[in-house]
J.: 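Right, I'll just put the structure down here and ask away after.
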Amino acid sequence: MTSLTKDAIKKSFMKLLNQKQVNKITVKEIVEDCGINRNSFYYHFDDIPSLIEEIFNDQVDELVNKQINSENIYDSILEAIDFALQNKTAMLHIHNSASRDLFDRYMSRVAQRTVSEFFDKLTDGYQNINPEDKEAVVMYYKSLLIGFVVEWLSDGMKYDLAGKIKRLCELFEGTTELALSRCRKTGDE
């Protein structure tokens, strides 16, 4: 029953967050929406920021447990931003709230996981990759992914994020492989 209550709280919060800003949502509204009492909320969560943090952690765990079978960086990025695309208004509300640090940590973890896994699969075919160079390439693409999402949110989500990323991936096709070819160790390094 505890898990069902916790899930109901999260679902109610996300429903409310897709309707209004974080600072406008109260614990009273959440418990009324899911039909529980305040004590039940506080049994599971200290406050609304701890609820947000758990929702983000759940999303990261879900992504970690999901095997990404992408053949290209675009599909990997879409996997990473799926939750944000499904909850655009909620993400914008968190991005513009006092809980922004939770959002930033969440985005960093999602981007790191997505890009690292993609490059681990991609570098299987390369011999003698310099680990520091590979780490730099992963950091570069992680920063790009975070930058895309933050820019989209900062701009009020006025454009099709998935479409924009797809077009950028098309424009820069082949640059990933080129960067990785330059990561190869030479001689006895």
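Counting from 1, the numbers follow the sequence of the chain as shown. When reading the values below, keep in mind they use all heavy atoms of this one structure, side chains included, and skip hydrogens, waters and symmetry mates.
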J.: With no hydrogens and no angle check, is any side-chain donor or acceptor of Ser108 less than 3.5 Å from a backbone partner on Asp104?
T.: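 Such a contact is absent between Ser108 side chain and Asp104 backbone.
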J.: Quick check against the 3.5 Å criterion: does Asp47 have a side-chain atom that pairs as donor or acceptor with the backbone of Ser50?
T.: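 Yes, because the side chain of Asp47 sits within donor-acceptor range (under 3.5 Å) of the backbone of Ser50.
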J.: Do Ser154 side-chain atoms and Glu151 backbone N/O form a donor-acceptor pair below 3.5 Å?
T.: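 No, because the side chain of Ser154 does not come within donor-acceptor range (under 3.5 Å) of the backbone of Glu151.
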J.: Just by distance, do the side chain of Thr123 and the backbone of Asp120 share a donor-acceptor pair under 3.5 Å?
T.: yes
J.: Is there a donor-acceptor contact under 3.5 Å from the side chain of Asn130 to the main chain of Cys183?
T.: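 Checking the backbone N and O of Cys183 against the side chain of Asn130, no donor-acceptor pair under 3.5 Å is found.
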J.: Could you check whether Glu117 pairs with Lys121 (Lys NZ or Arg NE/NH1/NH2 to Asp/Glu carboxylate O, under 4.0 Å)?
T.: no
J.: His93 side chain to Val22 main-chain N or O, any donor-acceptor pair under 3.5 Å?
T.: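 It does not hold such a pair.
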J.: Is a side-chain donor or acceptor of Asn87 paired with a backbone partner of Ala90 at a separation under 3.5 angstrom?
T.: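 Answer holds: no.
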J.: Does Asp33 come within less than 4.0 Å of Lys11, counting only side-chain N to carboxylate O?
T.: no
J.: Mark yes or no for whether Ser143, through its side chain, and Met139, through its backbone, hold a donor-acceptor pair below 3.5 Å.
T.: yes
J.: Answer whether the closest heavy-atom distance between the side chains of Leu102 and Pro49 falls below 4.5 Å.
T.: yes
J.: If only atom types and distance count, is the side chain of Thr175 paired as donor or acceptor with the main-chain N or O of Phe172 below 3.5 Å?
T.: yes
J.: Do you see a donor-acceptor pair shorter than 3.5 Å between the side chains of Tyr141 and Thr176?
T.: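 There is such a pair (donor and acceptor under 3.5 Å, judged by atom type) between the side chains of Tyr141 and Thr176.
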J.: Rounded to the nearest 0.5 Å, how far apart are CE of Met157 and NE2 of His95?
T.: 10.5 Å
J.: Take Asp133 and Arg182 through the test salt bridge (Lys or Arg N to Asp or Glu O under 4.0 Å) and record every step on the way to the result.
T.: CA-CA 8 Å; Asp133 286 348; Arg182 292 178 177 164; over 6 Å; no
J.: Would you call Val149 and Leu161 a side-chain contact if the rule is heavy atoms closer than 4.5 Å?
T.: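 Counting from C-beta outward, Val149 and Leu161 do come under 4.5 Å.
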J.: Would you indicate whether the side-chain heavy atoms of Phe83 and Tyr106 approach each other to under 4.5 Å?
T.: yes
J.: Are any of the side-chain nitrogens in Lys24 or Glu29 under 4.0 Å away from the carboxylate oxygens of its partner?
T.: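 No salt bridge links Lys24 with Glu29.
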J.: Is there a donor-acceptor pair closer than 3.5 Å between any side-chain N or O of Ser12 and the backbone N or O of Ile9?
T.: no
J.: With a 3.5 Å cut-off and no angle check, do the side chains of Gln86 and Asp82 form a donor-acceptor pair?
T.: yes
